[in-house]
Amino acid sequence: MARGLRMRLFAAVRHLKILDPALALVIILSLAAAKPLLAGSGLPYGHDTKHHLFRMASMQRSWTHGEYFPSWAEDTYWGYGSPLFHYYSSLTYHITSALQLGFNLNEIQSLRWLLLLSFLMAGAGMYLFCRRRCGRLGALLGGLIYVNSPYLFHVNVHQRGAFPENLALSLFPILLWRLDDLRDAPNARNFILVLLLEVALINTHNLSAVALTAFAFAWLAFEGLIQRLNREAGQLDGKGEQWAALALITGILVAAAFWLPVLLETESVSLETLFWDIDKKYWRSPSELLKIPEQFHGSDLPEFADTLHIGIAQWTYALVGLCGALALYVRGYRTRHPQTFLAAVLFFGLSAPLIFMLTPESMSLWDQAPIVRYLQFPWRLLGPLAVCLAYLASLNGFLLSRLSGKLRFAAITLAIATPVISGLQISGMLVWNYAGPNLSAAALMTISATGATYGREYFPKTASRDVDRQRLLDDYTDGYPIDKFDHSRLPAGARATLLQNAPESHSWRISAPAPFEAIILNYWWPGWTAAVNGSAVPVLPSPGLGLISVSLPAGAYTLNVYLGSTPPRDVGALISGLGLVGGLALAGRLRRLAIRPRPYAVAPPLTRQATIGVLLGALLAVLILIITWF
């Protein structure tokens, strides 16, 4: 019995060695960035908060009808619908729907949990990415600098209510971490994880996915290049970069079921309003980007342009880390990871043009380069810039570890506390108590942004806005089922009895003495299909209004109208399927190869003195958090 107890004790000790106390600490301190969420009972009242809540409610209605991957949001545009989920990355709404069904939450509660998860993923993900390269101390700094970046927690969440973009920026450091792991330890598990994370990123936010995926490829290309130029790194197996790039490419292919139809079917909806002229107030001078931010209170929404800055802790830590790394490198200091310092060249090399693209001097480039206009606004580049600065900030770990005696102790304490305090300086007095609007389908039909967007995007081009905007309101107010058959078009003696109704499918029992043209009160869009007793019949947009028009025969039969597929969607699904099969085959190939991991796969633990400094810094940050809370 005693021997069994000792064995269990040894197993527990071995298990504890696997755990990373520094990771637990960065997760705990990331809660400070979420202080407005934890202090309040609701959400921030951002510019897009209501739109995302209505989309969540629409997705939830599809889920309750068994339609788990919808393209059609039936309650938009006065109940006549639009393909909102076909064009807009919808992973955020799928997650909130899963939370609602799994834990019996409402829309507000599920989004609050997702926001909390986003904060924790941002800090932990950046820590994990920086850990092997910059050690646990540097990784702690990188994670805290990133999660407290003003663009993440203040601009995206509080000011804009851009929850999908914030989720994408929280996922991205995790993708970089697994990419780096795949480079250093090519194996099947890492390959599949990178593939899945890339798929998740693409399905989280369209615009961010393009910029961040390009970022990841640029980083991999640079890593491969410097490995050939760096004598120490060049002695290692260079196949890791190839496998990492292959995993990213495979992830893009697996996500083709989403992005390929979006690209090939852009002409069927209105997307022009996505590319507005850039207001001059969104350009920021270098002094405005580097300014000390002001503090906001309650649920204040300040002037949007006043929130667009890098963050004083972010740029100062990055600058000190870069200069310190350069000085150490010149003096002959080398890290366990042979590419740590050289990778800083890339992150600095990306930071400089990103800052330039935020200034008025880049205006002509935005006008002349259509691919840049895809991002819509210059300030979206603050997200990738935050990633670069967080890595550069993590280089401070090397400087701190080389200080001597009491100076090192005090410097580590202040270095850990300062990012948290700088974040609280902006958000410490904010409280998120917005309870949200009425999220019923009828409520969405009566607001000005009835498409759940500001610019009324995704409106079918064959449709007209001159429809009767009150016609379906009573039906939606009464709740499901919704009868979308236009009974006023029935010939004398004909009847249409509703059998089934869901956002993307409808069924009626028809009895008609003569052929007639039926109108379904849904906007027509490619993919809408009709079948009479299982046999397909033509579906066209009705003249003038662009509603679904179906030519029906005389007799008694069942009419099914549902949203089906199109050639671009079939091709996208085929590519996704082939990509998934190919990804699994490649992962199996990696498993058989059994490539040996590189020697720096595990970061050494913190020293005793560094641990005490980190804990005191964390304690100081928590004390400041408590003071701001009360």
Nearest-0.5 Å distance, CZ of residue R160 to CZ of residue R380: 5.0 Å
D181 side chain near R189 side chain, heavy-atom distance below 4.5 Å: yes
Result block: side-chain N/O donor-acceptor pairs under 3.5 angstrom for residues 197-204, not counting sequence neighbours:
| unit_1 | atom_1 | unit_2 | atom_2 | d |
| --- | --- | --- | --- | --- |
| E198 | OE2 | T213 | OG1 | 2.9 |
| N203 | ND2 | V199 | O | 2.8 |
| T204 | OG1 | A200 | O | 2.5 |

Side-chain donor-acceptor pair present, E288, S285, cut-off under 3.5 Å: yes
Summary of side chain to side chain donor-acceptor pair (under 3.5 Å) pairs that have at least one residue in residues 139-149, sequence neighbours excluded: none
Worked verdict on L117 versus M121 for side chain to side chain contact (heavy atoms under 4.5 Å, CB included): CA-CA 6 Å; L117 180 63; M121 286 195 307; 4.1 Å; yes
Shortest non-hydrogen contact from A185 toward N190: O-ND2, 3.0 Å
Residue pair H52 / T92, side-chain heavy-atom distance below 4.5 Å: no
Any donor-acceptor N/O pair, N396 side chain to G138 backbone, under 3.5 Å: no
I95 vs L91 side-chain heavy atoms within contact, under 4.5 Å: yes
Non-hydrogen side-chain atoms of S170 and F119 separated by less than 4.5 Å: no
Approximate separation, where rounding is to 0.5 Å, of T96 OG1 and F163 CZ: 11.0 Å
Closest non-hydrogen atom pair between L23 and A124, with its separation: CD1-CB, 3.8 Å
L212 vs P384 side-chain heavy atoms within contact, under 4.5 Å: yes
For A621 against L424, the heavy-atom pair lying closest together: O-CD1, 4.4 Å
Between Y151 and Q159: side-chain donor-acceptor atoms closer than 3.5 Å: no
C134 and F398, any side-chain heavy atoms less than 4.5 Å apart: yes
Donor-acceptor pair, side chain of R132 and main chain of D180, under 3.5 angstrom: yes
Straight-line distance of L195 CG to I249 CD1, nearest 0.5 Å: 11.5 Å
Under 3.5 Å: donor-acceptor pair, side chain of R408, backbone of R402: no
Parallel, tilted or perpendicular, as decided by the 30° and 60° cut-offs, for the rings of W366 and W283: perpendicular
L590 and L182: CA distance, side-chain angles, deciding distance, side chain to side chain contact (heavy atoms under 4.5 Å, CB included) verdict: CA-CA 11 Å; L590 258 180; L182 179 57; 4.2 Å; yes
Side-chain (D48) to main-chain (G161) donor-acceptor, under 3.5 angstrom: no
Heavy atoms from other residues, nucleotides or ligands near CD1 of I292 exceed 12 (cutoff 6.0 Å): no
Atom pair CD1 (I412) and CG (L399), whose distance is rounded to the nearest 0.5 Å: 11.0 Å
Full working for side chain to side chain contact (heavy atoms under 4.5 Å, CB included) between L207 and E165: CA-CA 8 Å; L207 306 182; E165 183 176 349; over 6 Å; no
S422 side chain to P419 backbone, donor-acceptor under 3.5 Å: yes
Over all atoms of both residues, closest heavy-atom pair of V387 and F215: CG1-CZ, 3.9 Å
Step-by-step side chain to side chain contact (heavy atoms under 4.5 Å, CB included) determination, L616 to I416: CA-CA 9 Å; L616 285 177; I416 293 297; over 6 Å; no
L144 and Y127, any side-chain heavy atoms less than 4.5 Å apart: no
G40 versus V431, closest heavy-atom pair with distance: CA-CG1, 3.7 Å
Heavy-atom closest pair, residues L141 and A415: CD2-O, 3.3 Å
I'd like a table of donor-acceptor pairs (distance under 3.5 Å, sequence neighbours excluded) in which one partner is a side-chain atom from residues 353-360, with atom names and distances.
| unit_1 | atom_1 | unit_2 | atom_2 | d |
| --- | --- | --- | --- | --- |
| T359 | OG1 | F356 | O | 2.6 |
| T359 | OG1 | E361 | OE1 | 3.2 |

Any T607 side-chain heavy atom under 4.5 Å of S401 side chain: no
Spatial distance of atom SG (C323) from atom CZ (F348) [nearest 0.5 Å]: 8.5 Å
Between N433 and Y45, a side-chain donor and acceptor under 3.5 Å: no
Between NE2 on residue H309 and CG on residue L290, distance to nearest 0.5 Å: 11.0 Å
